[in-house]
Amino acid sequence: MNTIITIGRQFGSGGREIGLKVAEALGIPCYDKELLTRAAKESGFCEEMLINHDERPTNSFLYNLVMDTYSFGYNSNSYSDMPISHKVFLAQFDTIKKIGSEGPCVIVGRCADYALADFDNVLNLFIFGDEKCKIKRIMERFDLTEAKAKDMINKKDKQRQSYYNYYSSKKWGRADSYDLCINSSKLGIDGCVNLIKQYVEDFEIYRENNDK
């Protein structure tokens with residue numbers, strides 16, 4: 001087992017739970033909020049700051065300037081002038097790369113697929129779901145009315161979409177941005193986990209045969 005799995009997900013689709021169960025089934029670590037804790041330790045930012053900016057979009061600064069600054073390293077003058085949201089993104093970006101270099105794992109959200117674009121052992125997945133199923137899950141999870149659950153889903157997905165589209169070169173939730181998109185409403189959590197396990201197994205066999 002040498003595959004890194006990244007999971008993008010719609011809010012309420014069960015993507016996080018699927019990621020945890022896939023990691024458990026494969027015997028590899030799963031990074032979600034844990035990524036923020038580690039990024040805080042490695043970057044010197046307080047964890048609360050990373051949580052406050054977690055997968056939230058920003059409207060300031062140009063994306064190209066961010067990546068130019070990143071390529072020149074943290075000591076450049078532009079880095080000191082960079083908005084805090086970008087510094088937080090770069091801290092996570094670095095941590096994701098380090099995690100990826102350490103071995104197989106599951107990483108949920110946070111543009112992990114983009115951060116690991118140079119790795120050839122990565123499978124990028126996207127979990128989505130039918131609106132009815134997502135609303136029901138969020139109503140139960142947060143004890144909300146249907147209207148409030150729907151509003152929360154829309155708000156969270158807009159945040160994730162804006163964040164992903166801003167920092168990555170791809171489009172959030174669009175099929176050609178990922179290797180596999182799964183509707184969790186059709187298979188349930190365990191069904192998705194089984195499908196992903198099989199997909200990973202076939203991916204590794206295919207890589208092994210084509211590396212010869």
Side-chain angles (χ1 to χ4, degrees), residues 1 3-36 51 54-57 96 104-117 122-206:
M1 168 70 196
T3 301
I4 300 166
I5 301 155
T6 75
I7 297 183
R9 71 282 183 231
Q10 287 182 340
F11 191 67
S13 67
R16 179 177 175 275
E17 188 181 348
I18 290 166
L20 286 167
K21 288 199 168 191
V22 166
E24 186 181 359
L26 296 175
I28 58 177
C30 180
Y31 295 91
D32 182 24
K33 300 292 183 189
E34 300 83 0
L35 197 152
L36 302 181
I51 290 168
D54 188 32
E55 289 191 298
R56 285 182 171 82
I96 290 167
C105 60
V106 175
I107 305 177
V108 179
R110 297 167 187 90
C111 293
D113 55 336
Y114 186 60
L116 300 175
V122 179
L123 279 178
N124 301 312
L125 314 181
F126 188 81
I127 311 295
F128 64 103
D130 298 342
E131 187 176 44
K132 188 178 176 183
C133 295
K134 291 188 296 181
I135 289 172
K136 183 174 182 288
R137 183 189 299 275
I138 296 306
M139 283 173 69
E140 291 171 355
R141 183 176 165 191
F142 295 99
D143 193 22
L144 298 174
T145 64
E146 183 177 342
K148 286 187 176 177
K150 188 174 181 179
D151 185 58
M152 190 179 193
I153 288 168
N154 289 336
K155 183 181 176 186
K156 286 282 189 181
D157 279 353
K158 277 180 184 174
Q159 281 183 353
R160 288 176 179 174
Q161 182 178 29
S162 298
Y163 180 86
Y164 185 90
N165 292 356
Y166 185 83
Y167 284 114
S168 98
S169 59
K170 302 188 291 182
K171 296 297 181 187
W172 184 85
R174 205 171 77 176
D176 60 1
S177 292
Y178 308 91
D179 300 312
L180 177 68
C181 297
I182 306 172
N183 184 344
S184 59
S185 305
K186 304 299 183 192
L187 294 177
I189 299 297
D190 291 337
C192 290
V193 172
N194 291 334
L195 175 63
I196 292 167
K197 279 167 57 185
Q198 184 64 53
Y199 195 75
V200 170
E201 189 179 313
D202 290 345
F203 170 67
E204 294 198 333
I205 291 169
Y206 181 79

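All residue numbers refer to positions in the sequence shown, counting from 1.
A salt bridge between Asp54 and Arg110 is present, with a side-chain N of the basic residue lying under 4.0 Å from a carboxylate O of the acidic one. For Lys150 and Glu146, the salt-bridge test fails: no basic side-chain N is under 4.0 Å from an acidic carboxylate O. The pair Glu17-Arg141 fails the salt-bridge criterion, with no side-chain N (NZ, NE, NH1 or NH2) lying under 4.0 Å from an Asp/Glu carboxylate O.
A distance-only check finds a donor-acceptor pair linking the side chain of Asn165 to the backbone of Trp172 [under 3.5 Å]. No donor-acceptor distance shorter than 3.5 angstrom exists from the side chain of Ser184 to the backbone of Gly129, with no hydrogens or angles considered. Panel note: side chain Asn183, backbone Ser185; a donor-acceptor pair is recorded below 3.5 Å. Side-chain atoms of Lys156 do not come within 3.5 Å of backbone N or O of Phe11 as any donor-acceptor pair. A donor-acceptor pair is defined here as one N or O able to donate and one able to accept, closer than 3.5 Å; such a pair exists between the side chain of Arg160 and the backbone of Arg9. Side-chain atoms of Tyr199 come within 3.5 Å of backbone atoms of Asp179 as a donor-acceptor pair (strictly under, hydrogens ignored).
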Verdict with supporting geometry, Asp176 and Lys171, salt bridge (charged side-chain N to carboxylate O under 4.0 Å, His left out): CA-CA 8 Å; Asp176 60 1; Lys171 296 297 181 187; over 6 Å; no

Could you walk me through whether Gln198 and Asp202 pass the side chain to side chain donor-acceptor pair (under 3.5 Å) check? CA-CA 6 Å; Gln198 184 64 53; Asp202 290 345; 3.0 Å; yes

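With rounding to the nearest 0.5 angstrom, the CD1 atom of Ile196 is 7.0 Å from the CG atom of Leu180.
Within a 6.0 Å radius of CG in Asp143, no more than 12 heavy atoms belonging to other residues, nucleotides or ligands are found.
Partners of Asp190 by side-chain contact (heavy atoms from CB on, under 4.5 Å), not counting sequence neighbours, listed by chain and number: Lys21.
Across all their heavy atoms, Met1 and Pro104 have their closest contact at O-CG, 3.6 Å. Shown here for Ile5 and Val200, the closest heavy-atom pair between the two residues is CD1-CG2, 3.7 Å. Residue Arg16 comes nearest to Asp32 through the heavy atom pair NE-OD2, 2.7 Å, listed as atom of the first residue, atom of the second, then distance.
Note on ring orientation: taking the six-membered ring where Trp is involved, the planes of Tyr164 and Tyr178 are parallel (angle under 30°, cut-offs 30° and 60°).
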